[in-house]
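Here is the structure we will look at.
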Amino acid sequence: MTLASSPRCLLITGGAGFIGANFVHHWFQQYPNDRLVVLDALTYAGNRQSLAPLEGAANFRFVQGNICDRELVEQLLREEPIDTIAHFAAESHVDRSILGPGAFVQTNVVGTFTLLEAFRQHWYSLGQPDTYRFLHVSTDEVYGSLGPDDPPFSETTPYAPNSPYSASKAGSDHLARAYFHTYGLPTLITNCSNNYGPYHFPEKLIPLCCINILLGKALPIYGDGQNVRDWLYVQDHCRALAMVIHHGQPGETYNIGGCNEVKNLDLVQMLCDLMDELAPELPVRPSRKLITFVKDRPGHDRRYAIDATKLRTELGWEPTVTIAEGLRQTVQWFLNNRDWWQPLLSAEYQDYYQQVYASSA
Ligand code: NAD
Ligand code: TYD
């Protein structure tokens with residue numbers, strides 16, 4: 001009997017966000033007998049529409065609430081037979097962490113602590129069942145920035161976070177690690193590279209470019225556009241997370257990455273060419289004319305790259321979607337789902353956009 005063969009009940013925090021929503025859909029399709037409870041505060045980044053196909057399903061429950069609310073978390077642990085926490089909830093955007101770091105410390109550090117502490121007490125009260133798991137979903141950004149010839153980040157690369165976002169994620173990783181070593185709580189940590197795909201909030205680079213091309217707006221490239229990110233299609237990430245929950249070793253960290261290092265400028269040019277091919281009507285053609293270099297992000301990490309050897313050799317995971325195929329699917333998704341993203345271009349979004357880009361255009 002493996003963990004994968006018995007029905008589970010997952011508390012998925014941040015399940016209305018980009019990766020969380022993709023994870024909920026993935027899990028629901030793969031393990032339809034499991035019960036899923038989503039806890040999400042519905043911040044600017046949370047969108048209940050992303051979970052609309054599941055509303056009304058008997059084994060799905062959505063709870064709007066904050067992971068820092070200890071009473072609510074304890075209530076959910078009492079009410080539901082939760083044996084697994086898949087913890088996605090976070091403030092996740094580096095640019096927002098530069099504008100206002102406080103919310104990042106609160107949600108990412110205090111929120112993770114609140115969940116760990118509530119889960120630990122619950123787990124103790126039940127006699128420390130060995131099938132329980134706490135998956136802490138984190139980022140490669142905790143490792144800092146690579147030079148052009150440095151080897152990719154491995155699980156033993158020292159932490160060197162450079163932004164308030166990555167520093168707060170690093171703090172939460174350390175707490176998850178400490179809860180295993182001190183209390184034996186079966187935590188698992190994953191550090192993943194940049195994701196892309198459906199339900200990605202419009203202010204991140206790839207959706208921002210897709211949408212701005214459709215609107216005929218400038219495509220802002222920070223600095224010289226030579227920063228490198230290792231892009232992973234979100235569904236490959238979700239598959240990896242399911243494998244880690246079912247087969248990962250408690251107390252271990254697993255790096256997840258796409259082996260898809262791309263410079264920002266090259267990525268945006270690929271998006272422009274795909275849009276020119278797939279979108280019937282565009283205000284500006286060719287879309288590359290919209291590319292605009294703007295002031296660099298303060299402290300902008302130059303390069304991220306992941307060595308996912310451990311996940312491949314120990315759990316048999318491989319990315320399956322190439323960057324060319326994944327970007328094509330993503331562009332098509334944004335073309336087909338205007339009803340999803342149009343309402344997100346709200347007054348709050350415009351205000352944020354002004355703050356980040358107005359002074360740099
Ligand atoms: P996101 O910003 O799209 O979604 C975050 C979700 O968390 C939203 O639904 C939001 O409403 C919710 N949330 C925020 N604060 C909350 C709180 N206090 N209580 C309850 N819910 C709250 O983020 P994402 O891109 O889906 O990232 C999910 C996780 O994956 C994060 O922990 C992030 O650090 C990590 N990660 C992201 C990437 C990436 O490329 N996006 C890569 C690696 C790791
Ligand atoms: P982002 O999607 O914010 O992810 P992260 O900073 O977490 O890697 O940005 C991806 C890359 O694109 C990053 O190097 C910053 C850059 N970028 C731009 O050049 N212009 C933009 O408008 C944005 C949002 C990002």
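Both counts, for ligands and for their atoms, begin at 1 and track the order of listing. Position 1 is the first residue of the sequence, and the numbers go up from there.
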### Query
Does the gap between the ring centers of Phe180 and Phe134 come in under 6.0 Å?
no
### Message
Any side-chain to backbone donor/acceptor pair from Ser145 onto Arg302? Under 3.5 Å, distance only.
### Response
yes
## Note on the structure
Hits for side chain to side chain contact (heavy atoms under 4.5 Å, CB included) against Arg328, two or more places apart or cross-chain, chain-then-number order -> Leu274, Glu277, Leu278, Glu325
### Query
Between the main-chain N or O of Tyr233 and the side-chain N or O of Asp236, is there a donor-acceptor pair closer than 3.5 Å?
no
### Task
Sort out the contact shell of ligand 1: every protein residue with a heavy-atom distance below 4.0 Å, listed by chain and number.
Gly14, Ala16, Gly17, Phe18, Ile19, Asp40, Ala41, Leu42, Thr43, Ala45, Gly46, Gly65, Asn66, Ile67, Phe88, Ala89, Ala90, Ser92, Thr107, Val137, Ser138, Thr139, Tyr165, Lys169, Cys192, Ser193, Asn194, Asn195
#### Entry: side chain to side chain contact (heavy atoms under 4.5 Å, CB included) partners for Tyr124, two or more places apart
Arg120, Gln128, Tyr183
### Message
Quick check against the 3.5 Å criterion: does Arg133 have a side-chain atom that pairs as donor or acceptor with the backbone of Pro250?
### Response
no
### Query
Is Arg35 salt-bridged to Asp83, going by a charged N under 4.0 Å from an acidic O?
no
May I have every N or O pair linking ligand 2 to the protein at under 3.5 Å, one per line with atom names and distance?
from     : atom 1 : to     : atom 2 : distance (Å)
ligand 2 : 2 (O)  : Leu205 : N      : 3.2
ligand 2 : 3 (O)  : Arg297 : NH2    : 3.1
ligand 2 : 4 (O)  : Asn194 : ND2    : 3.3
ligand 2 : 6 (O)  : Arg297 : NH1    : 2.5
ligand 2 : 6 (O)  : Arg297 : NH2    : 3.2
ligand 2 : 7 (O)  : Glu141 : OE2    : 2.5
ligand 2 : 8 (O)  : Asn194 : ND2    : 2.8
ligand 2 : 8 (O)  : Arg229 : NE     : 2.7
ligand 2 : 12 (O) : Asn264 : ND2    : 3.4
ligand 2 : 14 (O) : Arg229 : NH2    : 3.2
ligand 2 : 14 (O) : Asn264 : ND2    : 2.9
ligand 2 : 14 (O) : His300 : NE2    : 2.7
ligand 2 : 19 (O) : Tyr222 : N      : 2.9
ligand 2 : 20 (N) : Pro220 : O      : 2.8
ligand 2 : 22 (O) : Pro220 : O      : 3.4
ligand 2 : 22 (O) : Tyr357 : OH     : 2.6

### Message
For Phe153 and Tyr304, take the angle between the two ring planes, folded into 0 to 90°, and tell me which bin it lands in: parallel under 30, tilted 30 to 60, perpendicular over 60.
### Response
tilted
### Task
Give the ring-plane orientation class for Tyr199 versus Trp340, where under 30° counts as parallel, over 60° as perpendicular and anything between as tilted.
perpendicular
